[in-house]
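The structure under discussion appears below in the form of structure tokens.
Numbered from 1 within each chain, the chains take letters A, B, ... in sequence-line order.
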Amino acid sequence: MASKGKYEAISELARRRGFFWQSFEIYGGMGGFIDLGPLGTKLKHRLEDSWRDFFVKGGGIYEISTPIINPKIVFQASGHLDSFKDPMVECQRCGRKYRADHLLEEAAGAKFEAMGLEAIDAEIEARNLACPECGGRLSKSRYFLTMFETTIGPYSEAIGYARPETAQGIFIDFKRLYEIARGKLPFGVAQIGRALRNEISPRQGPIRLREFTLMEIEFFFDPEEGCGALEEVEDEVLRLVPASLREKGIEEPIEKSVGEAVREGIIINGWLGFFMAKSKEFMRGLGIPEDRQKFHEKLPGERAHYSAQTFDHEVLLEDWGWVEIAGHAYRTDYDLSRHSAFSGQELRAFKAYEKPRVERVLKIVPNEARIREEFGEKHKAILEALMGARPEDVKGSIEAKGYFEALGERIGPEHVSFRTVEVKETGRRFIPHVVEPSFGLERIMYAVLEYSYSKKGDRIVLRLPRRIAPIQAVVLPLVNRGDLEAKAKSIWRALLEAGLDAEYDDSGSIGRRYARADEIGVPIAITVDQRSLIDDTVTLRERDSWRQIRVRADEVPARLRGYFSGDLDFEGMGGS
RNA sequence: GCGGCCGUAGUCUAGCCUGGCCCAGGACGUUGGCCUUCCAAGCCAAUGACCCGGGUUCGAAUCCCGGCGGCCGCACCA
């Protein structure tokens, strides 16, 4: 992509002022891990809180926390152990590594999915494949597992894996959560937590990490009901790159309202569309303009194993182009079905009909004595086959042909009779479907920093949205004089007591202190001058415009609270 | 993982090719002091670095080897 200028500039600022830096620096560093510094940690908390405010609060969504290390069975059930690994081969001469299945696909022009290692090796042998770069012999294939493996317990008897997504913890807890949600659908479960993926070669700082933070929601709903919230967002226009167009080579986004996209089947599920619209809104609130966002649908071959449809929510970054900051997947009933099968637990939801349905159902009444008598040893199997068949089929066959064939034997009217019974159905049991919006926190943090980063002359001004600014206000005595300092410190304490994240700075000239504050995105500076001592007013200075207004000192905490909750704009803080 | 380029204080950098003049120079920052009534002003002082490990040499920031890390390209990113 473009020059590496922006990333360099942001990394430099991040290191210098304490947003983030590479982990394990004193030991030479380790790719794929970053430390968040004091400001980065605060910013992370603000982003998490904004996300909670936006997605979780009041939305029928519950937040939980589950372990990072999971026993093996979890990822056998989830399918990750099968699909989270790639067969690799190595060139014995030059040492280059390749995806074995990709080499085969190239050579054969066909898909080679779900092939065992032996089959792959045999195929490579048969096609006489060699290293595409140097022509050297290829090694036997072996799997590279993207999950971190570990052992659980003192004697290492149990194998565990670090979760590559937080979602499984939610699915596993479904039964209990469904109880806690008092058996009502739809509902969502959110989790903010660490996930780990053993990337082969991580780069790009906070964009591709081996350990990172996900903010995920698994939203459970009845697939037979529409999305009850779609009207809320129906007219939101999304920039979409649907798979249907990508297959024709078109990667340009089309603009469509969510409502239209769902109606036209471009987005195959209403809830999926709902969260995509919310996701766009969320990112816009963090300062990413709409035209720098798009939703890129994954082609069927690119999708994760659990997904029926996936859109990557991408944001345009200067150095790396379009980068995925969230994924929206329609996971259907895949995960719950799998966990139900592997655990043997009932993970279905129950939905009562408005009125119990009384259905008349045909039942087979076998004449067991006669069947035993006639078919001897086979009678048990025959009985089983008979009862397993649809009663309508059995009856129809006997009426039409005079008999029903079971295991090669003819069952006639003398063997069975029929009875119609009334069955009361109070409701329906089904496995809920799931849509999953999943956000990468560190990527969002980087994107937000990039879009906030601006220059005023050669000064950096970080125009962070006020809600997520790590430091909200800084109190500055105009000059270092005992009486101004005392006044400034008392205002600073009042701000802290009011629950604001405020700092005090009296080092260097006033201009230098403004510059320091601008650089880390402090939205408001409060300056105490000579006049403050006379009439008890102070100057508020706005980071982005450098405008100043005069406000009574004792009103500052309340005004700032209004400003940060969004009720007041900057000028509004000056009003009486 | 491969190939190319690269690694000097908190940050940016000089020095490296051509070993000694470098117990590494500068700028900015930071800290303390003086001054200063609104946008990185000035003065004084302090602070702090050759990525790690081996080798060559009388002598290594500099040359060689290995490792680690970074950037770019390839591959990888369910």
Side-chain angles (χ1 to χ4, degrees), chain A residues 1-5 7-9 11-18 21-33 37 75 78-86 88-91 93-99 101-103 113 131-134 136 143-147 164-165 197-205 207-210 298 301-307 310 312 319-320 323-324 327 329 440 456-461 476-481 484 507-519 525-533 538-541 543 546-548:
Chain A
M1 278 292 133
S3 74
K4 58 179 183 175
Y7 171 61
E8 287 285 309
S11 302
E12 186 268 318
L13 175 69
R15 276 195 299 274
R16 195 160 46 78
R17 298 307 306 271
W21 54 81
Q22 199 182 23
S23 299
F24 315 116
E25 272 184 321
I26 68 164
Y27 289 110
M30 169 70 63
F33 299 93
F75 297 114
S78 73
H80 284 89
L81 268 176
D82 289 327
S83 59
F84 219 73
K85 66 185 180 194
D86 300 312
M88 308 285 291
V89 287
E90 187 175 357
C91 170
R93 190 191 300 167
C94 70
R96 286 187 173 82
K97 294 200 161 108
Y98 302 95
R99 285 273 301 266
D101 51 337
H102 286 190
L103 286 183
E113 271 165 29
C131 173
E133 285 296 320
C134 77
Y143 284 121
F144 174 77
L145 183 68
T146 326
M147 282 191 292
E165 56 171 12
R197 297 177 193 181
N198 197 4
E199 300 283 351
I200 295 173
S201 108
R203 268 182 207 175
Q204 309 172 326
I207 302 301
R208 259 182 82 190
L209 294 170
R210 290 185 164 122
K298 295 294 219 185
E302 298 169 338
R303 282 198 299 257
H305 58 281
Y306 48 71
S307 175
T310 299
D312 281 353
D319 298 328
W320 299 307
V323 168
E324 176 191 1
K456 208 159 188 159
D458 51 7
R459 283 168 57 162
I460 297 168
V461 180
L476 315 166
L478 187 58
V479 290
N480 284 334
R481 252 176 45 190
L484 288 187
S507 169
S509 71
I510 187 70
R512 178 184 299 259
R513 284 176 276 156
Y514 283 145
R516 267 203 287 258
D518 285 346
E519 197 175 58
I526 298 150
T527 309
V528 176
D529 58 17
Q530 186 62 42
R531 193 176 140 196
S532 307
L533 298 177
V538 293
T539 300
L540 300 192
R541 167 195 180 268
R543 176 194 67 204
W546 294 11
R547 284 178 304 175
Q548 302 197 338

Subject >> G59(B) and A40(B), which share atom name C1', separated by this distance in whole Å >> reply: 44 Å
Original post:
Taking atom P in both G53(B) and A45(B), what distance in whole Å separates the two?
Top reply: 35 Å
**OP:** Could you state the atom-to-atom distance from CD of Glu25(A) to P of C52(B) in whole Å?
**Re:** 14 Å
Subject >> Spacing of CZ belonging to Arg17(A) relative to CZ belonging to Arg516(A), to within rounding of 0.5 Å >> reply: 7.5 Å
**OP:** Figure out the CZ/C1' separation between Arg210(A) and G1(B), and round it to whole Å.
**Re:** 11 Å
Subject >> Closest non-hydrogen atom pair, Pro202(A) against Arg210(A) >> reply: CD-NH2, 3.3 Å
Original post:
If the P atom of G66(B) is compared with that of G3(B), how far apart are they to the nearest Å?
Top reply: 11 Å
**OP:** Using whole Å, report how far CE of Met147(A) lies from C1' of C77(B).
**Re:** 15 Å
Original post:
CZ of Arg17(A) versus C1' of G10(B): gap in Å, rounded?
Top reply: 11 Å
Original post:
C72(B) phosphate, OP1 or OP2: any side-chain N/O from Trp320(A) under 4.0 angstrom?
Top reply: yes
Subject >> Between P of C76(B) and CZ of Arg203(A), the distance in whole Å >> reply: 13 Å
Subject >> Whole-Å P distance, U11(B) and G1(B) >> reply: 27 Å
Subject >> His80(A) NE2 to Glu165(A) CD distance, which is reported to the nearest 0.5 Å >> reply: 3.5 Å
Subject >> Phosphate OP1/OP2 of G69(B): any Gln22(A) side-chain N/O under 4.0 Å >> reply: no
Subject >> From Glu25(A) atom CD to Met30(A) atom CE, the distance as rounded to the nearest 0.5 Å >> reply: 13.5 Å
Original post:
Looking at side-chain heavy atoms only, is the closest gap between Arg541(A) and Ile510(A) below 4.5 Å?
Top reply: no
Subject >> side-chain N/O Arg15(A) vs C12(B) OP1/OP2, d < 4.0 Å >> reply: yes
Original post:
Taking atom P of C77(B) as reference, at what distance in whole Å does atom CG of Asn198(A) sit?
Top reply: 13 Å
**OP:** Report the secondary structure of RNA chain B in dot-bracket form, marking unpaired bases with a dot and bases paired to a different strand with |, and treating Watson-Crick or G-U pairs with both distances under 3.5 Å as paired.
**Re:** (((((((..((((......[....))))((((((.......))))))...(((((..]....))))))))))))....
Subject >> Flag side-chain contact, heavy atom, 4.5 Å: Phe33(A) against Phe24(A) >> reply: yes
Original post:
What interatomic distance, in whole Å, is found between P of C77(B) and the corresponding atom of C65(B)?
Top reply: 34 Å
**OP:** Name the nucleic acid region contacted by Thr146(A), choosing base, sugar-phosphate or nothing; use a 4.0 angstrom heavy-atom cut-off, strictly under.
**Re:** nothing
Original post:
Toward the 5' end of RNA chain B, which comes first, Ser201(A) or Ile26(A), by nearest nucleotide?
Top reply: Ile26(A)
**OP:** Nearest whole angstrom, please: distance from the P of C77(B) to the CD of Glu165(A).
**Re:** 17 Å
Original post:
For the pair made of CG in Leu13(A) and C1' in G10(B), what is the distance, rounded to whole Å?
Top reply: 12 Å
**OP:** Please lay out, stage by stage, how Leu533(A) and Arg481(A) fare under the test side chain to side chain contact (heavy atoms under 4.5 Å, CB included).
**Re:** CA-CA 12 Å; Leu533(A) 298 177; Arg481(A) 252 176 45 190; 4.2 Å; yes
Subject >> Base C76(B) paired with Arg208(A) side chain (donor-acceptor, <3.5 Å) >> reply: yes
Subject >> C23(B) to C64(B) separation - P atoms, rounded to the nearest Å >> reply: 22 Å
Original post:
At under 4.0 Å between heavy atoms, what does Phe33(A) touch on the DNA or RNA strands: base, sugar-phosphate, or nothing?
Top reply: nothing
Original post:
Do you know the tightest heavy-atom contact between Leu145(A) and Asn198(A)?
Top reply: O-CB, 4.4 Å
Original post:
Tell me, for nucleotides 26-45 of chain B in 5' to 3' order, what letter each nucleotide earns: B for a base near a protein heavy atom under 4.0 Å, S for only sugar-phosphate near one, - for neither?
Top reply: ---SSS----BBBBBS----
**OP:** Determine the interatomic distance between C1' on C28(B) and the same-named atom on A75(B); round to the nearest Å.
**Re:** 41 Å
Original post:
Which whole number of Å gives the distance between the C1' atom of A27(B) and that of C2(B)?
Top reply: 39 Å
**OP:** Report yes if the side chains of Leu13(A) and Glu519(A) come closer than 4.5 Å at any heavy-atom pair, otherwise no.
**Re:** yes
**OP:** Kindly indicate, with the supporting measurements, whether the criterion side chain to side chain contact (heavy atoms under 4.5 Å, CB included) is fulfilled by Arg208(A) and Arg203(A).
**Re:** CA-CA 6 Å; Arg208(A) 259 182 82 190; Arg203(A) 268 182 207 175; 5.8 Å; no
Subject >> Proximity of Tyr514(A) and Trp546(A) rings by center, below 6.0 Å >> reply: no
